[in-house]
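These figures come from a predicted structure and were not determined experimentally.
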Amino acid sequence: MNLFRTFISNAVCLTGVIGLSATAGLADPVKLRMGSATSDSDTDVYKIAYTELAANLEKIAPGEFDVSFFPNRQLGDEKEMMQGLQLGTLDMAIITNAVVANVVPEFVVNDLPFLYADQQVAGGVLDGELGDGLLSELEAKGIVGLSFCESGYRHMLNNVRPVTSLEDVVGAKYRVMQSPIFIGMFENLGGSPVPMAWGDTITAFQQGAIDGLEVPAWVVTAASLDEVADYMSLTGHVYSAAELLISKQAFGRLSDSQQAALKTAAKMACGNQRVRSAEIEASIIDGLRDAGKIEINSVEDTAPFRDAMAPLYEQYRKQIGSERLDAWLAAVSK
């Protein structure tokens, strides 16, 4: 009799669990739209971030998320997407650090030239307390910072000479993003920065209105810059962080467990994306060398370049916050 009662009791419990599971399974997944300003190619580092995020979410919280990706500025350029995140009209985006710094000025710390010696140093800082503290500054602007992905190191291309020392930059006209810190970098190196929209850059380069430009390696192949530039110097002058962001409104609609799952998946995604980004960069540079259309050189000693940035670092001390800047400089020097 006791065995019978136990059997019935267990059967009732099992039926209840199955019923709950079936109910959970019938719940619609959370739909999130994620925007990007870059292309939809398999080697596009922003698309890789999305692919990694979607895969990790499915592992951690199967069936709970449906993230759709909209590359190629389908949801606006990066400035417009930042505004959409703040207003809650856009759910998610991956945004270049310089654009994020226009909304939260402290983020300019990531764009300090010659700051991160290598990708491992950058990842260690950005995945730690300093990075988390910086991401938390976004909440006051209506955005939740999930993690730091990247778009790689930026390098110098020109039609004048290979860059091996500071003297090689002096007097050269380089197209830069319309960002004060990029302008200041080339001014401190003795160059002549020319702020210019990307859409005008290649034509200006071909016509000789500028001597050079600075971009990540993947842009060199994507824009066929090896067809128009004579020299590519692996200066690695700026590590381009790219923040994976979600609107505070969209994040607030998630359950506690879903919020935790999204944060975990984002950290994993950006970590994997950074590894893949480094692999892609190495492969691209090898391919460019093999093609032989552009002369590529490494810069053996970047210490003089970084020393030249000291006035620029101090110029941004107030914007970054003195305590934060000192902590950052200490962390990257370990």
Side-chain angles (χ1 to χ4, degrees), residues 16-40 42 44-96 99-100 103-104 126-127 131-132 134-151 241-274 276:
V17 169
I18 292 172
L20 288 172
S21 299
T23 303
L26 290 174
D28 292 333
V30 175
K31 293 183 180 294
L32 298 169
R33 296 188 308 156
M34 178 175 167
S36 161
T38 59
S39 72
D40 195 25
D42 290 337
D44 179 88
V45 291
Y46 287 8
K47 182 182 179 180
I48 290 170
Y50 156 74
T51 303
E52 289 286 341
L53 177 68
N56 287 321
L57 280 173
E58 191 58 28
K59 291 177 185 175
I60 296 169
E64 292 193 44
F65 291 89
D66 179 8
V67 184
S68 301
F69 187 52
F70 295 85
N72 292 311
R73 294 188 289 274
Q74 292 180 59
L75 303 181
D77 62 25
E78 291 194 322
K79 180 180 178 181
E80 291 168 333
M81 286 192 286
M82 281 295 290
Q83 293 171 342
L85 291 170
Q86 290 180 273
L87 296 171
T89 56
L90 174 62
D91 300 320
M92 297 184 68
I94 181 165
I95 305 288
T96 305
V99 177
V100 178
V103 176
V104 180
L126 296 175
D127 286 341
D132 289 343
L134 187 60
L135 288 174
S136 69
E137 301 287 350
L138 284 159
E139 293 197 28
K141 300 295 184 179
I143 298 171
V144 174
L146 296 172
S147 190
F148 292 95
C149 293
E150 69 167 44
S151 62
E243 285 74 44
L244 182 54
L245 309 173
I246 184 170
S247 164
K248 196 172 182 179
Q249 291 187 37
F251 191 71
R253 292 195 293 268
L254 305 179
S255 68
D256 290 346
S257 64
Q258 288 172 334
Q259 289 180 356
L262 181 59
K263 285 185 173 182
T264 299
K267 287 280 189 182
M268 293 168 60
C270 285
N272 293 338
Q273 185 255 12
R274 292 197 301 260
R276 183 76 182 106

A.B. asks: Specify the closest pair of heavy atoms between Leu146 and Leu245, including all atoms of both residues, with the distance to one decimal.
C.D. replies: CD1-C, 4.4 Å
A.B. asks: Do Asp132 and Lys267 sit within salt-bridge range, that is, some charged N less than 4.0 Å from a carboxylate O?
C.D. replies: yes
A.B. asks: CD1 of Ile95 to SG of Cys149: how many Å apart, nearest 0.5 Å?
C.D. replies: 11.5 Å
A.B. asks: Measure the CE-CE distance between Met81 and Met34 for me, rounded to the nearest 0.5 Å.
C.D. replies: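 Taking CE in Met81 and CE in Met34, the distance rounds to 9.5 Å.
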A.B. asks: Check Asn72 against Ser39 and note the closest heavy-atom contact, atom names and distance.
C.D. replies: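 Minimum heavy-atom contact is OD1-CA, 3.2 Å.
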A.B. asks: So how far is it from Gln273 CD to Glu150 CD, rounded to the nearest 0.5 Å?
C.D. replies: 5.5 Å
A.B. asks: Check Asp40, Thr51, Thr96, Thr38 against Tyr46 for a side chain to side chain donor-acceptor pair (under 3.5 Å) and give me the one that passes.
C.D. replies: Thr96
A.B. asks: Between Leu135 and Phe148, what is the shortest heavy-atom contact and its length?
C.D. replies: CG-CE1, 3.5 Å
A.B. asks: Could you state the interatomic distance from CD (Glu243) to CD1 (Ile246), rounded to the nearest 0.5 Å?
C.D. replies: 15.5 Å
A.B. asks: Which value, rounded to the nearest 0.5 Å, describes the distance between Glu78 atom CD and Ser36 atom OG?
C.D. replies: 7.5 Å
A.B. asks: Got Phe251 and Leu262 here, is their nearest side-chain heavy-atom distance under 4.5 Å?
C.D. replies: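 SC-SC contact between Phe251 and Leu262 confirmed.
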A.B. asks: Are the side chain of Tyr50 and the backbone N or O of Ile94 linked by a donor-acceptor pair below 3.5 Å?
C.D. replies: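 Looks like no, no N/O pair under 3.5 Å.
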A.B. asks: Please report the shortest heavy-atom distance between Ala269 and Ala49, naming the atom on each side.
C.D. replies: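 Taking Ala269 first and Ala49 second, the nearest heavy atoms are CB-O, 4.0 Å.
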A.B. asks: Between Leu126 and Leu134, does the side chain to side chain contact (heavy atoms under 4.5 Å, CB included) criterion hold? Intermediate values first, please.
C.D. replies: CA-CA 9 Å; Leu126 296 175; Leu134 187 60; 5.5 Å; no
A.B. asks: Has the side chain of Glu139 got a donor or acceptor atom that lies under 3.5 Å from a matching backbone atom of Lys248?
C.D. replies: no
A.B. asks: In the structure I gave you, are the side-chain heavy atoms of Leu90 and Glu80 within less than 4.5 Å of one another anywhere?
C.D. replies: no
A.B. asks: For the atom pair CE (Met92) and CG (Leu244), what is the distance rounded to the nearest 0.5 Å?
C.D. replies: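 So the CE of Met92 and the CG of Leu244 are separated by 4.5 Å.
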A.B. asks: State which residue, out of Val144, Val100, Leu85, fulfils the side chain to side chain contact (heavy atoms under 4.5 Å, CB included) condition with Leu138.
C.D. replies: Val100
A.B. asks: What's the shortest heavy-atom distance between Cys270 and Ser147, and which atoms?
C.D. replies: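 Scanning both residues, the minimum pair turns out to be CB-OG, 3.5 Å.
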A.B. asks: Check whether any side-chain N or O of Gln74 sits under 3.5 Å from a backbone N or O of Pro71 as a donor-acceptor pair, and report yes or no.
C.D. replies: yes
A.B. asks: Using side chain to side chain contact (heavy atoms under 4.5 Å, CB included), reason through Glu64 and Val30 one step at a time and then give a plain yes or no.
C.D. replies: CA-CA 6 Å; Glu64 292 193 44; Val30 175; 5.9 Å; no
A.B. asks: Identify the heavy atoms of Gln259 and Leu254 that sit nearest to each other, and give their distance.
C.D. replies: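 Nearest pair, atom of Gln259 first, then Leu254: NE2-O, 3.6 Å.
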